[in-house]
Protein chains: 4
Amino acid sequence: MAPPDPADGTARRPRRHDPDRKARILDAALDVLVEQGTVGITHRHVAARADVPLGSVTYHFASLAELQAQAFARFVEQRGSEFAALFDGVRTRAELVDVLVDLVHGSPSRHRSAVLGFELHLAALRDPGLRALAAGWTRSSQEVLARFTGQDDAARLDALLEGMIMHALLTTEPRSREATRTAIARTVDPREQGGSRATR
Amino acid sequence: MAPPDPADGTARRPRRHDPDRKARILDAALDVLVEQGTVGITHRHVAARADVPLGSVTYHFASLAELQAQAFARFVEQRGSEFAALFDGVRTRAELVDVLVDLVHGSPSRHRSAVLGFELHLAALRDPGLRALAAGWTRSSQEVLARFTGQDDAARLDALLEGMIMHALLTTEPRSREATRTAIARTVDPREQGGSRATR
Amino acid sequence: MAPPDPADGTARRPRRHDPDRKARILDAALDVLVEQGTVGITHRHVAARADVPLGSVTYHFASLAELQAQAFARFVEQRGSEFAALFDGVRTRAELVDVLVDLVHGSPSRHRSAVLGFELHLAALRDPGLRALAAGWTRSSQEVLARFTGQDDAARLDALLEGMIMHALLTTEPRSREATRTAIARTVDPREQGGSRATR
Amino acid sequence: MAPPDPADGTARRPRRHDPDRKARILDAALDVLVEQGTVGITHRHVAARADVPLGSVTYHFASLAELQAQAFARFVEQRGSEFAALFDGVRTRAELVDVLVDLVHGSPSRHRSAVLGFELHLAALRDPGLRALAAGWTRSSQEVLARFTGQDDAARLDALLEGMIMHALLTTEPRSREATRTAIARTVDPREQGGSRATR
DNA sequence: TATGAATGAGGGTTCATTCAT
DNA sequence: GATGAATGAACCCTCATTCAT
């Protein structure tokens, strides 16, 4: 005889043997991070988000800190590939600028990456393990950019993008794409003087 | 017979009638924010840091959210003046660059501002009130910069600084001041091509 | 409008301002210790036993270990006075033996002291703070006995009593009072050879 | 792709077909009992101590209570033989006293027995099954002693030893062997009046 | 005005036990 | 036979907030 369903409408969860449950928990943790930030990372929130019993989270992760660390690691891995893929078809400086402008004035899907990135950066301020992770991520991002701009300009460009993305996340009256384009274009190629689309 | 002490470490303190206690509490809250981030903002932590009884915090602030908001407001106000003052003696582009390089490769006192700034930015992502505060801060910062660079370049410079400060906070092997100087110099004056100290 | 009573029949507890609640919690903890042993010392058990909300226990005691330590300290203090009082009217060796036999073949009220004493001894094995407490208790007990027997015999007598009390607690077929009396009498006065009531 | 490890430290161990694993688990449980007391008896602790997978403990024992009971039973059996063997070469009262003094002022190996004995006694207070076990142990111990002292004195001697061992376990400034010897000698032979080594 | 006692929700974590493999 | 994934209860403790004094 099966146990009765609880009264509160939540269906019984008979799910035993669920492979890659661990990965699903990590994805749920990233969802929570986007919506609530690091304060939202609790066993109970993550479990509810992953539609998994509480004990399942504590079973797979020895501590919340470890869960958070692995979630961030998963993000960096996934986002690293995505980021590199953005530049796959880029041949000219103009195309590079196009991609970067899209990066800043991003779609909702970019919003997620941006928020997670900043959460990681802030968490890394006080966690050496996360600091190493963030450093690796920054390095690989700059390597991607450096293929187009050279090493030094890549660092500069990366910092500019970081700041612009943060501002874009926060601003209520979004700066026009044109202003963003100009700023990026000048950084990608300092000889650019005009604010409009580079024609040469 | 003396009344029993509570179990936590809060000792008995006979300080009655303490003007500007409210301000001291806010400063303590900022200290906590620097050291532990927004998760550390609890009545007990702040009270202990301010060396003030627990009830004093709840008495002066209707809720924790309000305490945090006022603490951030105090920070923006203080930091705004400080920031403007940094540029008081600046006359040439070279001097501007000097000040900005110092801003990025900051002393420990700058560390505090940088951390609080990022804490504010991240908290503002999910709190409309803080978002307005952060927006005002960004605007006034850019106005200061714009006195030297014009409006558009100020926004670009501000974003660059933001990104470089974050990277400087996180990196383990700090990038040389020279690289920072070059990046800033090129942004301040796009005609700069060399990486070394600008001579005029 | 008062909040409604909970559905499970437990009456609402409007009790604010309850002085010597801390002492009541400690007494409840001792009750729990008697009934369930150290494993039963949980915030919830003690709170329920003291008819006090859970938060009240955590408020008054910084940790469970501290609660347990203070409870044992309270027991030692109370029991110390009781123990000394047992010998107030003792004038002769025979009266001393009478009191000690009663101590071993104790009433239910003695059961409590015996169990708490052994719980303390065992807990003290692994807790230096409790070890000091237990040592002090043993010392003061032996001082009381020494007033009748001298220092060395007091130690011997104390050990014998300890062992007999433990056996009395455990045995299913209780040894007769006569056997206990004989054993004690021989220890109190080694010249005693017979097993029956000392007449001299 | 390897299956994920659980979050706790239990590593993968390829030991299949391990006879007398059950006995090894019981010995591990006794080790845990000595070090942490009955609260430490958990499936995980015992499994880790025995270097055995978690499931192995639940497989061999229907419940934790049963595991504990069997561990105590194993202790009583082993310790019973050991205890009897202590008296194998005893011929005179003086030799008997020597053995008993060693029993109280024991080496580390005796420490283990003493702690386990008291753990058993206290656990038996609240568990009828263990009470029977403890009663049997006490009986057989007294039978060994009775071969030298007679039935009544054996019970008295056993109680004295029990108390002295407990005191010896707890005391920080260990009572001298001489005092212990005197106490035992007087109990073994009430005609003994002097405190020093009995010469006949 | 100012304080600290009081409360209950919710936090991280450990655990005995069940069960599919 | 043997194992480890899975589950939910219960653990200790921290906390925001309320309120009597």
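Letters A, B, ... mirror the listed sequences (proteins, then strands); counts begin at 1.
Among residues two or more places apart in sequence or in another chain, the ring pair (Phe, Tyr, Trp, His ring centres under 6.0 Å) test is passed with D:His43 by none. With sequence neighbours excluded, the residues forming a salt bridge (Lys or Arg N to Asp or Glu O under 4.0 Å) with D:Arg126 are C:Glu119, listed by chain and number. Residues satisfying the salt bridge (Lys or Arg N to Asp or Glu O under 4.0 Å) test with C:Glu77, not counting sequence neighbours, are none. With sequence neighbours excluded, no residue forms a ring pair (Phe, Tyr, Trp, His ring centres under 6.0 Å) with A:Phe72. D:Asp31 is linked by a side chain to side chain donor-acceptor pair (under 3.5 Å) to D:Arg112, counting only residues two or more places apart in sequence or in another chain. Contacts of C:His45 classified as ring pair (Phe, Tyr, Trp, His ring centres under 6.0 Å), with partners at least two apart in sequence or in another chain: none.
A:Ile41 places none of its side-chain heavy atoms less than 4.5 Å from the side chain of A:Gln36.
Atom-to-atom, CD1 of C:Ile25 to P of E:dT7 comes out at 9 Å; the value is rounded to the nearest Å. Rounded to whole Å, atom P of F:dT18 lies 16 Å from atom CZ of B:Phe61. One interatomic measurement links the two molecules: CG of D:Asp51 to P of F:dG4, which rounds to 12 Å at whole-angstrom precision. For the pair A:Gln36 CD and E:dG11 C1', the computed distance is 14 Å after rounding to whole Å. Spacing between atom CG of D:Asp20 and atom P of F:dA2 amounts to 12 Å, rounded to whole angstrom units. Atom CD of B:Gln68 and atom P of F:dT17 are 12 Å apart (whole Å).
Sorted by first then second residue, the salt bridge (charged side-chain N to carboxylate O under 4.0 Å, His left out) pairs that include residues 64-75 of chain B, not counting sequence neighbours, are B:Asp27-B:Arg74.
When base pairs are accepted only as Watson-Crick or G-U wobble with both N-N or N-O distances under 3.5 Å, DNA chain F takes part in stems of 3 or more pairs at E:2-21 with F:2-21.
Side-chain nitrogen and oxygen atoms of A:His60 include at least one within less than 4.0 Å of the OP1 or OP2 phosphate oxygen of F:dA6.
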| query | Quick one: what's the B/S/- string for nucleotides 10-16 of chain F, heavy-atom cutoff under 4.0 Å, read 5' to 3'? | reply | BBBBBBB
